[in-house]
Amino acid sequence: MTKLRYERPVIKTLNKGVSNKFGAQQGFIPHTHIDGLSVKELTKEYGSPLFVLSERTIRETYRQAKTAFTTRYPNVQFAWSYKTNYMNAVCNVFHQEGSWAEVVSIFEYEKAMRNGVPGDKIIFNGPDKTENDHRIAIENGSPIHIDHLDELYSLIELSEKVDKRPRVAIRINLDTGVPPMWDRFGFNYESGKAWDAINKIMHTDKMDLIGLHCHIGTFMLAAHAYKVAASKLADLALSIKKTFGHDIQYIDMGGGFASKNTLKGAYLSGSDISPTFDDYAENICTALLNAGFKTEELPLLILESGRSLIDDAGYLLGSVLANKRLSDGRRATILDFGVNLLFTSFWYEHIISPAQECSQYAEDAVLYGPLCMNIDVVRESVKLPPLNKGDQVVVHRVGAYNMTQWMQFIALRPKITMIDMEGKSHLVRDSEDLDYLMLPERMPEHLKDFEL
Ligand SMILES: *Cc1c(COP(=O)(O)O)cnc(C)c1O
């Protein structure tokens with residue numbers, strides 16, 4: 001038997017009762033394995049910090065979401081939101097499952113092309129598309145989602161110069177009754193701007209209006225907001241049918257479904273309050289089915305969910321660099337990853353578990369990253385058992401927006417692995433090194449030499 005490590009005693013007030021306003025006090029369950037692979041072995045093989053993706057969780061989550069919709073609506077298509085996580089391995093898992101691609105920039109567009117997604121299955125969103133970007137999308141038959149009138153006018157101009165008719169949809173913003181209203185993207189529904197844009201497109205007859213799109217927000221905890229949005233888009237589709245005799249091919253409800261993460265300052269944990277895929281599907285599908293379409297004219301329902309499909313499949317493994325006491329007596333633990341890798345720690349209270357056996361005594365701690373920068377805080381206040389230098393931790397639900405929004409500041413980016421369905425790990429992105437970092441740098445001749 002190994003000798004137990006000494007732990008200094010902690011004196012704390014006892015609260016009577018089972019739970020306080022932060023919910024029930026939980027015991028600490030070490031998270032030692034991911035999909036059957038040991039955390040310690042993974043970091044030994046790939047280094048620390050390390051991002052780990054579970055292919056099994058991605059596929060299972062996707063299938064749950066898909067079933068929620070296909071059991072309620074006859075014609076459903078998912079399109080993977082590249083900006084949420086555009087590691088090619090991740091994208092291809094979604095493409096293997098049948099997802100199209102949804103991109104918001106030309107480089108994401110080209111990534112999808114290189115992954116082998118057919119052009120007509122790449123949805124091109126976003127306010128930033130150049131004439132050349134439009135040209136490429138038109139040539140490939142990709143659905144172009146128009147964001148503003150300037151984009152519409154430049155497409156009309158371009159349509160004279162190309163042989164193919166652009167396939168377009170318009171992005172619509174609308175009031176769902178749930179603040180904040182995202183009105184900076186697309187054309188507004190209530191003020192009639194969306195209908196103006198539709199008329200402009202239909203009367204110019206220079207392009208095919210194939211769809212209507214909205215993306216009402218992100219981390220939407222109110223599932224009924226989607227019901228309002230779907231009804232408004234359906235209403236527009238039916239007006240187009242009535243006025244122009246034209247059938248819209250699809251209604252694209254965007255993304256924004258909440259994952260099970262807990263937002264900062266939230267009273268209850270995300271796993272308790274985030275709506276399920278069934279909740280979202282029920283709202284959207286019911287609204288579309290009740291709108292008044294004939295069965296054979298029901299538009300294809302497209303969904304661009306990002307975070308809710310990938311958050312649970314991502315883990316960040318890291319190590320404790322040091323402990324110290326702050327001047328107010330709180331314990332501070334310094335980890336080898338910070339906001340550079342965990343961008344989402346700015347808005348989530350990520351669950352962090354010890355990766356080894358630990359004591360059940362917990363203490364309030366601040367978790368800092370390794371950056372020499374004051375804002376590098378992973379958790380402002382978290383109850384954790386004492387962690388020692390060299391101990392490891394597992395951060396949960398980091399699959400969305402970290403592997404794309406990470407920043408190369410002070411530290412280089414680490415490796416990413418994916419554990420396959422058989423429990424075997426694969427390197428899917430190598431760590432960066434100095435050569436990689438300096439690749440685009442150029443040194444002017446007169447600055448090459450110096451003497452000190
Ligand atoms: C970001 C984005 C998504 C994905 O959003 P999630 O909140 O991650 O589901 C989908 N569609 C558009 C247009 C987006 O900008």
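This chain uses plain numbering: 1 for the first residue, then up along the sequence. Atoms considered below: every heavy atom in the structure, side chains included; atoms not considered: hydrogens, waters and symmetry mates. Read the numbers this way: they start at 1 and go in the same order the structure lists the ligands and their atoms.
In this structure, M220 does not count as a contact residue of ligand 1, since none of its heavy atoms falls inside 4.0 Å of the ligand. Not a single heavy atom of A400 sits less than 4.0 Å from an atom of ligand 1. Not a single heavy atom of F185 sits under 4.0 Å from any atom of ligand 1.
Ligand 1 places these atoms under 4.0 Å from at least one heavy atom of S81: 3 (C), 4 (C). Close contacts between ligand 1 and S305 involve ligand atoms 9 (O) [criterion: under 4.0 Å to a heavy atom]. Listed by atom number, the atoms of ligand 1 under 4.0 Å from T84 heavy atoms are 8 (O).
Taking only non-hydrogen atoms, the option from H145, K83, E304 nearest to atom 2 (C) of ligand 1 is K83.
For ligand 1, none of its N or O atoms has an N or O atom of S308 under 3.5 Å away. Considering backbone and side-chain atoms together, V104 places no N or O closer than 3.5 Å to any N or O of ligand 1. On a distance-only criterion, R307 and ligand 1 share at least one N/O pair closer than 3.5 Å. Every N/O-N/O distance between G254 and ligand 1 stays at or above 3.5 Å. Checked by distance only, ligand 1 and R171 stay at 3.5 Å or farther apart across all their nitrogen or oxygen atoms. At a 3.5 angstrom cut-off on N or O pairs, H213 does not count as close to ligand 1.
Contact check on R59 versus E97 returns a salt bridge, with a Lys/Arg side-chain nitrogen under 4.0 Å from an Asp/Glu carboxylate oxygen. Between R114 and E110, none of the side-chain N atoms (NZ, or NE/NH1/NH2) sits under 4.0 Å from a carboxylate O, so this pair counts as no salt bridge. E108 and K83 are not joined by a salt bridge, as no carboxylate oxygen comes within less than 4.0 angstrom of a charged side-chain nitrogen. The existence of a salt bridge linking D205 and R165 is confirmed by a sub-4.0 Å separation between a basic side-chain nitrogen and an acidic carboxylate oxygen. Salt bridge absent: D252 and R171 never bring a charged side-chain N and a carboxylate O closer than 4.0 Å. At a threshold of 4.0 Å, the pair E282-K227 does not count as salt-bridged, since none of the basic side-chain nitrogens sits closer than that to a carboxylate oxygen.
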Stepwise ring-ring contact (aromatic ring centres under 6.0 Å, His included) check, F51 with W406 = CA-CA 12 Å; F51 276 104; W406 50 4; 5.8 Å; yes
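Of all protein heavy atoms, the one lying nearest to atom 7 (O) of ligand 1 is T218 OG1, 2.6 Å. Scanning all protein heavy atoms for the shortest distance to atom 8 (O) of ligand 1 gives Y401 OH, 2.6 Å.
Looking only at side-chain heavy atoms (C-beta outward), F124 and I106 come within less than 4.5 Å of each other.
For Y250 and H213, the ring centers sit 6.0 Å or farther from each other.
Residues A258 and S308 come closest through the heavy atom pair O-CB, 3.6 Å.
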